[in-house]
Amino acid sequence: MELRSGRETIPSNDKNYNIELKSNNTMNPANRIKNLPPYLFAGLEEKATKLRGEGVDLIDLGIADPDLPPPKFLVDSVKAHLDDPDAFRYPTSRGDAGVRAAIAKWFKQRFGVELDPGREIVVTLGSKEGLTDLARAVVNPDDTVAVPIPGYPVYGGACAILNDAQPRYLELLPENQFLPKLEDSDGCRVLFLNYPNNPTGQVADEEFYKAAADFAETHPETLVVWDAAYCELSFDDFKSPSILQFTRKAVEMHSLSKMMNCTGYRIGFAVGDADTLDAMVKIKTQVDSGAPVFIQRAMAEALSRYDGKNPPEECLQSHREYGERKKKLEIGLLDVHGVKRVYPSPSTFFVWMRVANDLEFVEKAMKKGVILTPGSGFGSNADKFVRAAVTAPSVRIDQAIERLLEL
Ligand SMILES: Cc1ncc(COP(=O)(O)O)c(C=O)c1O
């Protein structure tokens with residue numbers, strides 16, 4: 001069933017995303033570039049830039065980029081490994097053997113799953129690269145790729161359209177706890193799942209992991225890719241499981257970006273089905289040559305600081321801080337005019353709210369000095385939702401609530 005075949009939109013953290021291809025572009029870019037969805041929020045961004053230029057104090061709850069710094073041990077470790085005698089040389093595409101061994105150890109400790117570091121782990125330049133190189137390794141032109149909406153726009157963009165494939169959009173609806181109907185992805189080459197979820201902040205229950213595992217086992221033509229970018233960013237004793245606890249016929253993407261506040265380090269790893277990961281490594285040998293070894297080794301050391309299933313204290317503190325900010329905003333929004341519902345969750349730094357019209361609400365909030373992201377940026381079915389990211393200090397969240405209460 002094609003739920004939607006229209007083109008979706010793309011919000012992005014990348015300031016360079018907003019490139020309009022000129023109609024008289026003599027370079028004649030590839031069709032797959034032209035087929036990428038349009039960037040709908042140029043108007044909103046222009047307004048924000050204008051307001052900033054006029055000296056208006058804007059509180060930015062729009063971007064999914066941590067404002068808290070990485071733990072000191074991680075920064076120190078990056079610096080220390082810069083002096084490694086091989087730090088300046090090409091890394092291997094699959095990732096440093098010692099680093100993969102450390103990931104295997106962490107995975108066993110955290111999820112109770114044994115991985116073969118030789119074939120079931122690939123170090124990536126963050127999960128974005130992992131997702132896109134993986135898709136390139138398995139998606140053929142004209143395949144369909146199951147893409148949840150609202151969702152992280154890269155699944156439909158880089159993973160489907162840039163591979164000349166067709167996204168099939170699976171709706172995440174409040175009445176289904178923002179979980180997709182797995183059977184809607186029948187016949188797709190890849191099914192992307194992402195919990196804890198961006199943009200809704202929602203988590204999946206164990207039943208859903210089991211259903212996804214069952215789908216993966218009974219649909220060998222469909223590769224289930226579980227994007228676990230927010231897996232470790234949780235609070236209130238919530239611990240996200242791994243899909244590999246339920247099936248080995250899937251690939252899961254992990255990333256240090258949100259786990260340890262280091263989006264700029266570009267480091268993560270893919271785990272799971274060995275044959276698929278071999279294919280992904282083939283792509284990496286052609287495309288990126290792997291992540292810098294000093295960053296890889298710092299990641300390995302950081303993972304080794306886990307105490308059983310628990311992150312090191314510095315990470316816990318930062319996760320708690322996001323959790324407190326998120327709760328504060330979730331409660332504060334309940335009294336804001338125009339907010340019909342808030343969907344709390346024990347993970348991610350996103351607050352997902354229901355409104356009458358996302359663009360109108362976001363414009364009004366901006367006039368009050370608060371930047372939010374319209375839901376339609378994550379899928380055409382989400383135009384009655386708005387996302388806030390609590391990536392601003394607690395006092396700014398207080399101020400944001402005060403300003404929104406004036407709406
Ligand atoms: C759901 C999801 N997956 C993947 C990523 C990419 O993260 P990174 O490449 O920094 O690991 C993001 C970034 O915002 C995200 O929201």
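Heads up: numbering here begins at 1 and tracks the sequence. Excluded from the calculations below are hydrogen atoms, water molecules and symmetry mates; all remaining heavy atoms, backbone and side chain alike, are included. Just follow the structure's listing: the first ligand is 1, and inside any ligand the first atom is 1.
Heavy-atom proximity to N194, at under 4.0 Å, picks out these atoms of ligand 1: 1 (C). When each atom of ligand 1 is checked for a heavy atom of N198 under 4.0 Å away, the hits are 1 (C), 15 (C), 16 (O). Near R266, with a cut-off below 4.0 Å to any heavy atom, the atoms of ligand 1 are 8 (P), 9 (O), 10 (O). Those atoms of ligand 1 with a heavy atom of G126 less than 4.0 angstrom away are 9 (O), 11 (O). Atoms of ligand 1 lying under 4.0 Å from at least one heavy atom of S257, given by number and element, are 8 (P), 10 (O), 11 (O). For ligand 1 and S255, the ligand atoms under 4.0 Å from any heavy atom of the residue are 8 (P), 11 (O).
Remark: the T124 side chain and the K284 side chain contain no N/O donor-acceptor pair separated by less than 3.5 Å. Between the side chains of Y322 and N261, at least one donor-acceptor pair of N or O atoms lies under 3.5 Å. Using a 3.5 Å distance cut-off with no hydrogens or angles, the side chains of E171 and N381 do pair a donor with an acceptor.
Screening residues 108-119 for salt bridge (charged side-chain N to carboxylate O under 4.0 Å, His left out), with sequence neighbours left out, gives R110-E232, R119-D275, R119-D278.
Under 4.0 Å from ligand 1, heavy atoms of S127 appear from its side chain as well as its backbone. At a heavy-atom cutoff of 4.0 Å, ligand 1 is contacted by the side chain of D227 but not by its backbone.
Among M259, K128, K258, the residue whose heavy atom lies closest to atom 13 (C) of ligand 1 is K258.
Between D60 and R52, at least one side-chain nitrogen of the basic residue sits less than 4.0 Å from a carboxylate oxygen of the acidic one, meeting the salt-bridge criterion. With respect to the salt-bridge test (charged N to carboxylate O, under 4.0 angstrom), the residues R325 and E321 qualify.
Not one N or O of Y152 is nearer than 3.5 Å to an N or O of ligand 1, by distance alone.
With sequence neighbours left out, the side chain to side chain contact (heavy atoms under 4.5 Å, CB included) criterion links R32 to A30, L162, D164.
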